[in-house]
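Read through the structure below, which is laid out as structure tokens, and then see the notes.
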Amino acid sequence: MILALVVFFAVLVAISMPIALAIGIACCLSLAVFSDVPLTVIPHKMVAGIDNFTFLAIPLFLLAGKLMNAGGITDRLFKFARIWVGSVPGGLAHANVVASMLFAWMNGSAVATAGGLGEIEVKAMQDNGYDKPFAAAVAAAASVLGPIIPPSIPMIIYAAMTDESVGRLFLGGIVPGVLMSLALMVLIYLMARARSYPCDRRSSLREKLAATSQAIVPLLMPVLMLGGILTGWFTPTEAAAVAAAYALFLSMFLYRTVKVRDLPRIFVDTMIATAVVTFVISVTSVFSFQLSVADVGEKVAAAVLGFTNNKYVVLLLLNILLLLLGAVMEAGVVLILFIPIIYPLATSPAVGVDPIHLGVVMAVNLMIGVVTPPVGMCLFVMSHISKLKIEVMIRAVLPFLVPLVGVLMLVTYADRLVLFLPDLLMPRTLTAPTGEEAGPKPVEVKTTTPVAGNARIVRIGVSHSEQHSFTQALERFGRSFEARTDGRFCVKVCFGGQLGSEKVLQEMLTLGTTEMTVTGLLNAYEPLFALFEMPYLYRDRDHVAQVNAGPVMESLAASLPPRGLRLVGFYENGFRHITNSRRPIHEPSDLVGLKIRTPENPAEIETIRALGASPVSMPFSELYSALLLGTAHGQENPLQNIWSGRLFEAQKYIALTAHIYNSAYVLVSERFWRTLSDEDRRVFRECVGESSRWQLDYMKQRDTELEGLLRAAGMQFTQPDRGQFEEACRPAYDAVFKQLGPRARETVEAIRNTRAVP
Amino acid sequence: MIATVRRMNVLLDRLLYAGTAVSAMAFFAVAITAISARCATAWSFHSSIELSRLFFVWSCFLAAGLAFRRRAHVGFTLLFDRLPIPWRRHITRLNYLLVLGFAVVVFVESVRMCRLLWPTVLPILGISQAWFYVPVPILCMCLVSYTAEFLMDLGTPPAGEGRP
């Protein structure tokens with residue numbers, strides 16, 4: 001299937017089909033011809049691929065850049081750079097690099113940098129006696145800095161696709177960006193001396209101060225962004241919105257160069273530029289799904305590791321591959337297509353490349369591609385701006401590739417150059433957060449046994465990591481089900497969110513594009529499921545078991561099959577506890593004034609509100625950095641999520657409130673279920689039951705173990721009085737009953753009255 | 001016939017333009033409001049994540065339609081540009097037919113998907129989760145309509161060629 005997909009794609013690209021459509025058509029053909037997965041997976045994955053909060057940063061940073069251009073801010077930056085460095089030999093070319101570096105702090109795109117500054121720079125250099133190809137080549141080479149110095153659109157894409165920290169990636173890009181600027185300036189200095197290029201007269205201090213005062217307000221943008229992130233005012237993704245708002249303020253109210261009537265055009269132009277990238281991401285997620293299902297990541301990793309597992313050899317191969325691909329394909333497309341294969345291979349324990357280092361190396365590598373022939377986007381932009389033939393442009397830019405590739409080699413093999421700043425300002429271990437809604441996406445599939453010739457494949461998607469108790473329980477289920485059905489079924493557990501997030505996996509069951517998953521989000525299908533997460537609803541774990549096996553659950557679960565799902569068992573996510581970085585929590589009043597992050601679930605939001613804290617909604621992927629930087633003071637989660645998400649690194653206090661119990665629902669696709677014989681269904685249920693018993697027992701002892709581990713990690717525990725908290729949570733019930741209607745009160749009463757059947 | 005399709009596409013283009021502008025401004029406004037609310041007040045804008053994601057998805061798909069009409073999607077034309085002109089016309093026609101087929105398949109499947117997911121709700125906003133998927137059939141309709149116009153244009157000899 002994958003070979004056919006790649007062949008279709010190559011043929012379509014060769015006949016000039018736009019890349020996004022070529023991927024979409026190739027995926028459609030290969031799914032239709034070689035797979036039993038319904039084609040509904042195409043539109044579903046297309047949306048799921050871009051429905052990611054982190055991606056919002058792409059249009060917002062592009063918008064900031066467009067507003068800067070429209071507001072004439074780029075002109076001020078160039079004048080500022082010229083006054084300060086114009087007197088050095090090759091002065092205007094140096095000003096070109098410095099202005100690009102400054103503009104790079106305000107937008108994340110090479111094309112925006114070339115397009116925004118290129119025209120001003122080339123004209124100024126030509127007017128001052130520089131030859132045009134040299135001027136255009138400097139502008140093209142300097143545009144590479146745009147996506148390396150933060151903010152960076154390739155890094156945002158990388159972060160969103162791997163669940164790595166955007167903030168750490170941004171910090172990782174600073175040193176390589178500055179080194180590239182310096183390397184370019186050294187080359188310019190040498191070329192200017194050799195070619196006797198003119199330089200400006202030395203500016204007086206008064207002139208320098210005047211130029212600085214003209215540019216100081218836009219120059220504050222990076223300070224505002226980094227300062228806001230580091231002081232916890234906003235997360236790195238939200239910084240994009242702040243940058244755009246600042247640029248809007250400058251252009252509309254301070255410089256008054258942008259009018260209200262210009263805004264629709266600026267927003268639409270920004271979105272068209274964004275859509276060119278996001279449409280590729282969108283269809284590539286269908287491609288990634290096919291790679292995951294066909295175990296391609298695992299096979300490529302095995303092939304490369306069979307050849308070498310030396311980190312530096314792997315990095316060298318990666319550099320060669322990406323430089324070649326970057327030269328013939330658009331950089332963003334290469335990044336999106338190859339992350340699912342390269343990331344798990346390079347960051348696997350056998351190779352051991354730091355994920356942040358890998359992200360920065362990939363960004364630097366591919367950004368060099370924007371100025372390498374034949375498909376360097378910035379070459380085309382500058383060729384268009386300077387009215388030079390592309391061949392002339394290519395010849396002129398070649399010398400500038402030497403310092404750029406030199407810096408690439410340096411940052412590839414001296415990883416401290418990249419990791420020094422992230423480790424200093426946002427310290428973090430290698431492990432990425434894994435938790436309730438999302439997790440990292442190592443493209444790895446556990447097949448419990450090799451696939452027999454005509455064995456039917458049961459794909460289980462789970463968004464948690466390999467070590468998570470859900471994954472372990474599902475693997476037990478798989479082994480048992482395969483053994484008891486004599487190899488007629490082959491169970492594949494795709495963990496780490498490689499088939500999608502919890503929400504996406506649940507929808508895939510409805511659409512019949514995967515067979516089984518474990519989620520906690522059934523309130524999307526029947527809002528009353530939210531009631532099982534009301535505070536202090538259960539007396540203890542035995543009560544939970546009685547409710548799950550009782551008539552209330554049975555009646556709610558009956559609403560699922562018509563919606564394409566069937567509830568076949570329960571795992572445990574655990575009791576939720578509150579952590580924070582400010583103070584120990586003994587009683588509800590200690591929570592007053594704290595900003596506590598909650599999932600987007602009415603029961604949990606109302607519980608935190610009833611306890612006197614301010615509930616804050618943010619995606620789980622943003623939580624770690626939000627806690628570390630103080631954007632949120634605390635959060636609430638079961639111990640296993642606090643541990644696996646490494647939230648203890650950012651939180652000092654934990655109150656064992658056990659205010660909410662989280663069940664996890666084991667679900668199968670109704671479409672799949674209907675194809676099973678009665679006997680297979682019985683065996684299936686028994687195997688789920690066995691794995692469920694194992695998981696529930698495991699969780700009982702795991703909570704005790706985790707408490708010890710978290711204490712050893714330095715967390716301070718408090719054991720608040722349940723009565724006080726239960727009393728404080730009462731208003732949450734009224735609020736939720738109001739939202740969910742009269743059946744909610746009856747359901748809660750029925751849950752509370754559930755007793756063990758004698 | 002060509003004139004009708006062209007008029008329809010001009011209308012579609014305007015609708016897409018307006019839709020993109022509104023949804024892009026909306027997610028920007030939602031993001032800024034959420035940050036301001038959190039920093040300056042004790043009020044938290046809980047539906048901000050669902051809303052901003054929803055508007056973002058809409059604006060991306062609507063803008064993808066605009067990008068298609070403006071032929072802004074990135075392609076690889078090095079080999080194509082070296083082919084003789086008659087070959088290029090045939091290949092372009094083949095490409096458009098493939099896009100047409102793809103758009104029709106995705107349209108049918110996305111309508112089916114929206115119907116299946118319609119009963120599911122977004123926990124905070126309380127509206128159907130299928131609203132996230134509605135822009136896909138809209139994009140496909142636009143692709144079909146725009147491609148039809150491109151195909152008809154291919155069938156029309158360029159001005160001054162074969163005409164009095």
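Below, chain A is the first sequence line, B the second, and so on; all start at residue 1. Computation of the quantities below employed the complete heavy-atom set of this structure, encompassing side-chain atoms and omitting hydrogens, waters and symmetry-equivalent molecules. Worth saying up front: this structure is predicted, and the values here are computed from it rather than measured.
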Query raised in the report: Relative to chain B, which of A:A32, A:A524, A:S282, A:A240 shows the most heavy atom pairs under 4.5 Å?
Result: A:A524
**Report entry** Part of A:L511 within contact of chain B (heavy atom distance under 4.5 Å)
**Finding:** both
Query - Inter-residue atom distance B:T120.OG1 - A:L522.CG, 0.5 Å rounding - result: 11.5 Å
Query - Any side-chain heavy-atom pair of A:P43 and B:V106 under 4.5 Å - result: yes
Query raised in the report: Out of curiosity, A:F267 CZ to B:T20 OG1, how far, rounded to the nearest 0.5 Å?
Result: 12.5 Å
Report task. Can you establish whether the number of heavy atoms outside B:W131 located under 6.0 Å from its atom CH2 is more than 12? Result -> no
Report summary line: For B:S59 and A:M271 the tightest heavy-atom approach is OG-CE, 3.4 Å
Report task. With a 4.5 angstrom heavy-atom cut-off, could you sort out which part of A:I266 is near chain B: side chain, backbone, both or neither? Result -> neither
Query raised in the report: Can you tell me how far CD1 of B:I124 sits from CD of A:E600, rounded to the nearest 0.5 angstrom?
Result: 6.0 Å
Query - Which of B:F56, B:F45, B:F27, B:W118 touches chain A most, by non-hydrogen pairs under 4.5 Å - result: B:F56
Requested in this report: Determine whether A:L263 and B:M25 make a side-chain contact, defined as any pair of heavy atoms from C-beta on separated by less than 4.5 Å.
Outcome: yes
Report task. Look up atom CG in A:L31 and atom CD in B:E109, then write down how far apart they are to the nearest 0.5 Å. Result -> 10.0 Å
Query - Top contributor to chain A interface from B:V121, B:N95, B:L122 [non-hydrogen pairs under 4.5 Å] - result: B:N95
Report summary line: In terms of heavy-atom pairs under 4.5 Å with chain B, the winner among A:T274, A:I25, A:I42, A:T270 is A:I25
**Report entry** Segment of A:P527 engaging chain B (4.5 angstrom heavy-atom cut-off)
**Finding:** side chain
Query - B:V136 portion near chain A, given a 4.5 angstrom heavy-atom threshold - result: side chain
Report task. Please test A:M17 against B:F80 for side chain to side chain contact (heavy atoms under 4.5 Å, CB included), starting from the C-alpha separation and ending with a verdict. Result -> CA-CA 10 Å; A:M17 179 72 81; B:F80 179 81; over 6 Å; no
Requested in this report: Check the pair B:Q129, A:K503 against side chain to side chain contact (heavy atoms under 4.5 Å, CB included), reporting the backbone distance first and the verdict last.
Outcome: CA-CA 10 Å; B:Q129 298 205 44; A:K503 170 186 168 285; 2.8 Å; yes
Requested in this report: Kindly indicate, with the supporting measurements, whether the criterion side chain to side chain contact (heavy atoms under 4.5 Å, CB included) is fulfilled by B:F102 and A:L21.
Outcome: CA-CA 8 Å; B:F102 175 69; A:L21 288 161; 4.0 Å; yes
Report task. Would you mind checking which part of A:T278 comes under 4.5 Å of any heavy atom in chain B, side chain (CB onward), backbone (N, CA, C, O), both or neither? Result -> side chain
Query - Between A:P38, A:P562, A:P264, A:G593, the one whose heavy-atom pairs under 4.5 Å with chain B are most numerous - result: A:P264
**Report entry** Shortest non-hydrogen separation from B:A31 to A:A241 and the atoms involved
**Finding:** CB-CB, 4.0 Å
Report task. Look at the rings of B:F61 and A:F279 and say which category their plane angle falls in: under 30° parallel, 30 to 60° tilted, over 60° perpendicular. Result -> perpendicular
Query - Side chain / backbone / both / neither for A:V242 at chain B, heavy atoms under 4.5 Å - result: both
Query raised in the report: Heavy-atom distance under 4.5 Å to chain B: side chain of A:I272, backbone, both or neither?
Result: both
Report summary line: For B:L117 and A:H44, the nearest pair of non-hydrogen atoms, with its separation, is CD1-CD2, 4.4 Å
Requested in this report: Measure distances from B:L83 to the heavy atoms of chain A and classify the residue's part below 4.5 Å as side chain, backbone, both or neither.
Outcome: neither
Report task. Identify which part of B:L139 has an atom lying under 4.5 Å from any heavy atom of chain A, answering side chain, backbone, both or neither. Result -> side chain
**Report entry** Contacting region of A:R265 [heavy-atom separation from chain B under 4.5 Å]
**Finding:** both
Report summary line: Most heavy-atom pairs under 4.5 Å with chain A, out of B:R70, B:M113, B:R88, belong to B:M113
Query - From A:L39 atom CG to B:S110 atom OG, the distance as rounded to the nearest 0.5 Å - result: 11.5 Å
Query raised in the report: Based on non-hydrogen pairs under 4.5 Å, which of A:G564, A:A244, A:A530, A:A48 is most in contact with chain B?
Result: A:A244
Query raised in the report: Got B:F28 and A:P59 here, is their nearest side-chain heavy-atom distance under 4.5 Å?
Result: no
Report summary line: When rounded to the nearest 0.5 Å, the distance separating CG of A:L12 from CG of B:L98 is 6.0 Å
Query raised in the report: With only heavy atoms counted, which part of B:I35 is less than 4.5 Å from chain A, the side chain, the backbone, both or neither?
Result: side chain
Query raised in the report: After noting the C-alpha distance and the side-chain angles of A:E507 and B:F132, does the key distance pass the side chain to side chain contact (heavy atoms under 4.5 Å, CB included) rule?
Result: CA-CA 12 Å; A:E507 292 172 352; B:F132 273 98; over 6 Å; no
Report task. Please state whether the side chain, the backbone, both or neither of A:D51 comes within less than 4.5 Å of a heavy atom of chain B. Result -> both
Query raised in the report: Considering only heavy atoms, which portion of B:F68 lies under 4.5 Å from any heavy atom of chain A: side chain, backbone, both, or neither?
Result: side chain
